[in-house]
Amino acid sequence: MTTYTATCDRVPYDTIAASRDRISDNVRLVARQSGEFKLDVYLAPEKAVELARGILHLAGDPVATDGRPLRVGDRVEITKYREWTSELEGKTGTLLEIDTDCIPYRVQFDNSDDWEWAAEVRRIPDANTTSPDPAETQRESFVMDAKRLLDGTTHDGADIVRVAAFLAGN
């Protein structure tokens, strides 16, 4: 059984580990403090995927709702402009930059030299391109995410396939 463990930067004996529960097929998270068991949480696969995407976003690696990371050059729609105003929500354009602060997306508006920072965006289809096969795109996205998550670990191709299947909820 594959287990993914993260070690706390401040206290090296504090960890959180994720693995697939063989009985329920849920994802099991186990927290340890000073090496001692503290808590375990069982998540349905879709909830684990949602949590993983949220963690990637918090870590500065934003993932779109379709599972593919947002990239500079993507066509996007502003879904949340600021906490206190929605004046630019619904505007579309090209993603110019992704930062790590609370307003991370710099969007250049369609047919304009104007741009603005936005709190949240979503990828939208580019009107000038044909859409790829969604199933193939999603599979590719899961494999790329798995490679990124396993970067810096000793792993083989089978591990990448298992992580991709985990991300897909399988």
Side-chain angles (χ1 to χ4, degrees), residues 2 4 6 16 18-20 25-29 41-153 155 157-170:
T2 304
Y4 303 95
I16 189 157
S19 61
R20 180 76 74 156
D25 205 34
N26 285 342
V27 174
R28 180 180 182 214
L29 302 175
V41 176
Y42 292 83
L43 300 174
E46 61 275 6
K47 292 290 186 182
V49 168
E50 182 181 336
L51 175 64
R53 288 183 178 147
I55 290 170
L56 286 171
H57 182 78
L58 291 171
D61 190 3
V63 176
T65 55
D66 62 3
R68 294 186 305 135
L70 289 166
R71 294 184 180 95
V72 170
D74 282 348
R75 265 193 49 70
V76 295
E77 175 185 6
I78 295 174
T79 56
K80 185 175 191 177
Y81 175 55
R82 300 279 195 280
E83 288 293 328
W84 59 90
T85 181
S86 60
E87 70 182 90
L88 295 179
E89 289 173 11
K91 296 255 311 180
T92 59
T94 302
L95 188 59
L96 295 178
E97 188 175 348
I98 302 172
D99 202 350
T100 57
D101 65 12
C102 62
I103 305 173
Y105 305 105
R106 186 163 67 110
V107 178
Q108 181 175 358
F109 302 124
D110 289 337
N111 305 317
S112 172
D113 290 332
D114 295 338
W115 57 267
E116 188 60 65
W117 290 95
E120 294 178 13
V121 298
R122 72 175 181 90
R123 184 182 303 104
I124 58 175
D126 188 341
N128 299 325
T129 61
T130 58
S131 14
D133 174 22
E136 186 60 34
T137 300
Q138 191 171 35
R139 278 192 295 274
E140 178 185 347
S141 173
F142 287 132
V143 169
M144 296 308 291
D145 287 345
K147 286 180 178 179
R148 189 180 63 254
L149 291 169
L150 289 170
D151 189 37
T153 68
H155 63 275
D159 291 327
I160 292 170
V161 170
R162 280 193 294 276
V163 173
F166 166 78
L167 291 171
N170 296 329

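Pairing each heavy atom of Pro104 with each of Ala119, the nearest pair is CD-O, 3.6 Å. The two residues Val49 and Phe166 have their closest heavy-atom pair at CG2-O, 3.9 Å. The two residues Ala146 and Ala164 have their closest heavy-atom pair at CB-N, 3.6 Å.
The closest side-chain heavy-atom distance from Asp74 to Tyr105 is not below 4.5 Å. Side-chain contact between Leu51 and Val27: absent, with no pair of heavy atoms (C-beta onward) separated by less than 4.5 Å.
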Result block: side-chain N/O donor-acceptor pairs under 3.5 angstrom for residues 87-97, not counting sequence neighbours:
residue	atom	partner	partner atom	Å
Glu89	OE2	Tyr81	N	3.2
Thr92	OG1	Asp110	OD2	2.5
Glu97	OE1	Arg106	NE	3.1
Glu97	OE1	Arg106	NH2	3.4

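A salt bridge links Asp145 with Arg148: the closest approach of a Lys/Arg side-chain nitrogen to an acidic carboxylate oxygen falls below 4.0 angstrom.
Atom CG in Leu150 sits 6.0 Å away from atom CD1 in Ile160 (nearest 0.5 Å). The CZ atom of Arg75 sits 10.0 Å away from atom CZ of Arg122, with the distance rounded to the nearest 0.5 Å.
Every side-chain contact (heavy atoms from CB on, under 4.5 Å) that Asp25 has, sequence neighbours left out, goes to Arg20. Under the rule for a side chain to side chain donor-acceptor pair (under 3.5 Å), the partners of Arg82 that lie at least two apart in sequence or sit in another chain are Glu116. In this structure, the side chain to side chain donor-acceptor pair (under 3.5 Å) partners of Glu83, at least two apart in sequence or on a different chain, are Lys80. Residues forming a side-chain contact (heavy atoms from CB on, under 4.5 Å) with Tyr42 (at least two apart in sequence, or on another chain): Asp21, Ser24, Asn26, Arg28, Asp40. Partners of Lys147 according to the side chain to side chain donor-acceptor pair (under 3.5 Å) rule, which considers only residues two or more places apart in sequence or in another chain, do not exist here. The side chain to side chain donor-acceptor pair (under 3.5 Å) test applied to Thr85 returns no partner, not counting sequence neighbours.
Legend: salt bridge (Lys or Arg N to Asp or Glu O under 4.0 Å) pairs involving residues 160-170, not counting sequence neighbours, sorted by first then second residue: Asp159-Arg162.
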Worked verdict on Trp117 versus Asp99 for side chain to side chain contact (heavy atoms under 4.5 Å, CB included)
CA-CA 10 Å; Trp117 290 95; Asp99 202 350; 3.9 Å; yes
